[in-house]
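I have placed the structure first, in the form of structure tokens, so that the comments after it can refer back to it.
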Amino acid sequence: MITVNWNGLGHLQSLLPSLERLEAGELIVVDNGSTDGSQQWLRREHPGVRLLENPVNEGFAQPCNRAAEAAGRPVLALINNDMRAHPDWLRSALPRLEGDAACVACRILDWEGRRVDFNGSSLQYLGYATQKDAGRLLEEVSSPGRVLFPCGGAMLVSRRVFLELGGFDADFFAIFEDVDLGWRLWSAGYQVAFAPESVVYHRGHASFRRRPGEKVRYLMHRNALLTALKNYEEPLFRKLLPLALVLAVKRAVVFSGVRKEGFHLWEETRHGLELGDERVAARVLDALNHLVAADDVLDTLERTLAKREQIQARRRRSDREILRLFEDPLRVIVDDPEYRRGEARWLERLDLLNWPGRPAADWEKEALSSRRRQLRRLDRELEARQWLAGHAATTPPPAARRDLKGLLGSLRRMGLPAAWRQFVETVNRGI
């Protein structure tokens, strides 16, 4: 069993007794340079725990990899320090490690055991992951048999396979490293099983609450992009690399508060910052996060492409099979009408709307409705132009005759496109 700790002494005091009751033998704690006395307490109160120490905070991925290298058991059981394990946590998960299933995702509940924290996985096509059923009452949810990725906070994985695939990507630091691992497992021919009877209880992102929100969101944006670029097969990769970068810039513009239609582009944002509006400040920071994340990915693109090459060389399963596990690949991640319309246009141009087994997204219905309205408007205009072409030149109605003279005058003043629009609108009113 492996847990990573960073100034989490209070959490370890709840976690370790629940793990020791499992009598699983090996227990490894990797400490990330804690300053709250965690190491001293572990040596004094739990001398049987194997303590590995990092001098500084190395996040989540690197400590897990380090512990996996040091472990002596064939199965790695990972659990966050802000959890406690149900007595049947391991006993319920181990039987699922059979056949091609090299990893088991466990069910995570809140501290009271009433509501769901993790009950399966879902992935948006740009790499943004969510935990299914989060916040729902336990009795309201069902259980999938297979999932795209586990939650790294509570999972079992074959040590041999974990090391064979390179473990977690240490460049991720934290956030979505489990998503990337799950995708790589499926790509290499393995599976990720889900064990709903294997339960742990979670206090809820305790470590990240101590970190600035912009740092967490930066990691989320950057690691989502890295996950997508590393794991898609070549045809989708060639389409999604430019699209992902274009949409990152568009999200930055949306969150910046810029209003491109006005002369004073930054007026609203500047006014909010001058008033000390925390929501405006947070929005601007997130706009910068999208740009910094994209810039970081471009700076390390050569290293990412080398990793991608290794992943593709191990591929035993096609994207077509894996995409069915995404659940909602076209999920809306920015609730802004202009962004959604732009994203829809790009997806249509790149022929990326046909994802296996997905439901129709809300923005697609909206886009379809908009296209229908546009087609009706074009049909009406075409009818008007056909009528004008066939009849107006020889027997124009009185209204059209008067406005035909006006059209000639408008041509001189306004130019052909504007004059023609005005003329068609006038004729339409007269039909």
Side-chain angles (χ1 to χ4, degrees), residues 1-6 8 11-12 14-24 26-30 59-61 63-65 67-68 71 73 75-97 101-122 129-136 138 141 143-159 161-162 167-168 172 174-182 185 191-208:
M1 294 180 289
I2 296 169
T3 192
V4 178
N5 180 64
W6 179 60
H11 300 312
L12 292 175
S14 299
L15 171 67
L16 292 184
S18 73
L19 297 182
E20 288 171 341
R21 282 195 292 270
L22 302 179
E23 298 181 348
E26 188 177 52
L27 175 54
I28 300 174
V29 174
V30 186
F60 181 76
C64 288
N65 292 348
R73 299 297 180 92
V75 176
L76 307 174
L78 277 57
I79 186 168
N80 277 0
N81 67 343
D82 58 348
M83 295 188 178
R84 74 175 192 276
H86 186 279
D88 292 328
W89 173 47
L90 295 180
R91 188 182 305 120
S92 298
L94 283 169
R96 301 297 178 101
L97 281 172
C103 179
V104 177
C106 306
R107 175 177 272 166
I108 304 175
L109 303 178
D110 66 9
W111 200 246
E112 292 74 30
R114 296 183 62 248
R115 295 187 179 273
V116 168
D117 191 27
F118 181 88
N119 191 53
S121 50
S122 170
T130 58
Q131 299 180 175
K132 286 182 62 178
D133 299 324
R136 294 183 63 186
L138 177 58
V141 303
S143 305
R146 293 288 187 270
V147 294
L148 177 61
F149 58 87
C151 173
M155 58 174 276
L156 275 64
V157 62
S158 160
R159 178 176 179 269
V161 174
F162 186 79
F168 290 131
F172 279 45
I175 300 182
F176 293 167
E177 72 290 318
D178 44 10
V179 182
D180 172 64
L181 175 68
L185 283 164
Q191 296 185 21
V192 181
F194 183 65
E197 306 87 5
S198 177
V199 174
V200 299
Y201 305 93
H202 191 202
R203 289 190 192 276
H205 304 298
S207 294
F208 282 117

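This is a predicted model, so every value here is computed, not measured.
Listed by chain and residue number, Asp328 satisfy the side chain to side chain donor-acceptor pair (under 3.5 Å) test with Ser122 (two or more places apart in sequence, or in another chain). In terms of the salt bridge (charged side-chain N to carboxylate O under 4.0 Å, His left out) criterion, Glu20 has no residue partners (sequence neighbours excluded). Residues satisfying the ring pair (Phe, Tyr, Trp, His ring centres under 6.0 Å) test with Phe168, not counting sequence neighbours, are Phe60, Phe162.
Put simply, the side chain of Leu94 reaches to within 4.5 Å of the side chain of Val75, judged on heavy atoms. A heavy-atom distance below 4.5 Å is found between the side chains of Asn5 and Leu12. Taking 4.5 Å as the limit, some side-chain heavy atom of Cys151 sits within range of a side-chain heavy atom of Gln131. At a threshold of 4.5 Å between non-hydrogen side-chain atoms, the residues Leu181 and Val179 do not count as touching.
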message = Between Asn81 and His11, is the side-chain hydrogen bond (donor to acceptor under 3.5 Å, both in side chains) condition met? List the steps.
response = CA-CA 6 Å; Asn81 67 343; His11 300 312; 5.5 Å; no
inquiry  = If you apply the rule side-chain hydrogen bond (donor to acceptor under 3.5 Å, both in side chains), what do you find for Arg203 with Ser14, and how did you get there?
reply    = CA-CA 11 Å; Arg203 289 190 192 276; Ser14 299; 3.1 Å; yes
ask   = Can you check side chain to side chain contact (heavy atoms under 4.5 Å, CB included) on Cys64 and Leu78, steps first, answer last?
value = CA-CA 8 Å; Cys64 288; Leu78 277 57; 3.8 Å; yes
message = Test side chain to side chain contact (heavy atoms under 4.5 Å, CB included) on Val192 and Leu148; report intermediate values, then the result.
response = CA-CA 6 Å; Val192 181; Leu148 177 61; over 6 Å; no
message = Please evaluate residues Tyr201 and His86 with respect to the criterion side chain to side chain contact (heavy atoms under 4.5 Å, CB included), reporting the C-alpha separation (whole Å), side-chain torsions for both, the decisive distance (0.1 Å), and the verdict.
response = CA-CA 8 Å; Tyr201 305 93; His86 186 279; 3.2 Å; yes
message = One pair to check against side chain to side chain contact (heavy atoms under 4.5 Å, CB included): Leu109 and Val199. What are the steps and the verdict?
response = CA-CA 7 Å; Leu109 303 178; Val199 174; 3.7 Å; yes
task = Decide yes or no on side-chain hydrogen bond (donor to acceptor under 3.5 Å, both in side chains) for His202 and Asp110, but give the supporting numbers first.
result = CA-CA 5 Å; His202 191 202; Asp110 66 9; over 6 Å; no
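Expressed to the nearest 0.5 Å, how far CG of Leu16 lies from CZ of Arg21 amounts to 11.0 Å. Interatomic distance, CD of Glu177 versus CZ of Phe149, reported as 10.5 Å (0.5 Å rounding). With rounding to the nearest 0.5 Å, the separation of CD1 in Ile79 from CD1 in Ile108 is 8.5 Å. To the nearest 0.5 Å, atoms CZ (Phe172) and CG (Asp178) are separated by 9.5 Å. The OG atom of Ser198 lies 12.0 Å from the CE atom of Met155; values are rounded to the nearest 0.5 Å. Note: Arg73 CZ to Ile28 CD1 = 10.0 Å, rounded to the nearest 0.5 Å.
Shortest non-hydrogen contact noted between Cys103 and Leu185 is CB-CD1, 3.7 Å. Residues Ala24 and Leu90 share a closest heavy-atom pair of CB-CD1, 3.6 Å. Between Arg96 and Phe194, the closest heavy-atom pair is NH1-O, 2.6 Å. In this structure, Val4 and Gly59 approach most closely via the heavy-atom pair CG1-O, 3.7 Å. Between Gly113 and Leu138, the shortest heavy-atom contact is O-CD2, 4.1 Å. The nearest pair of heavy atoms linking Ala93 to Leu156 is CB-CD2, 3.8 Å.
Between the side chains of Ser143 and Arg107, at least one donor-acceptor pair of N or O atoms lies under 3.5 Å.
In Arg114, the CZ atom is not crowded: 12 or fewer heavy atoms of neighbouring residues, nucleotides or ligands sit closer than 6.0 Å.
Annotation: cation-pi pair Arg84/Trp89 absent, no NZ/CZ under 6.0 Å from the ring centroid and within 45° of its normal.
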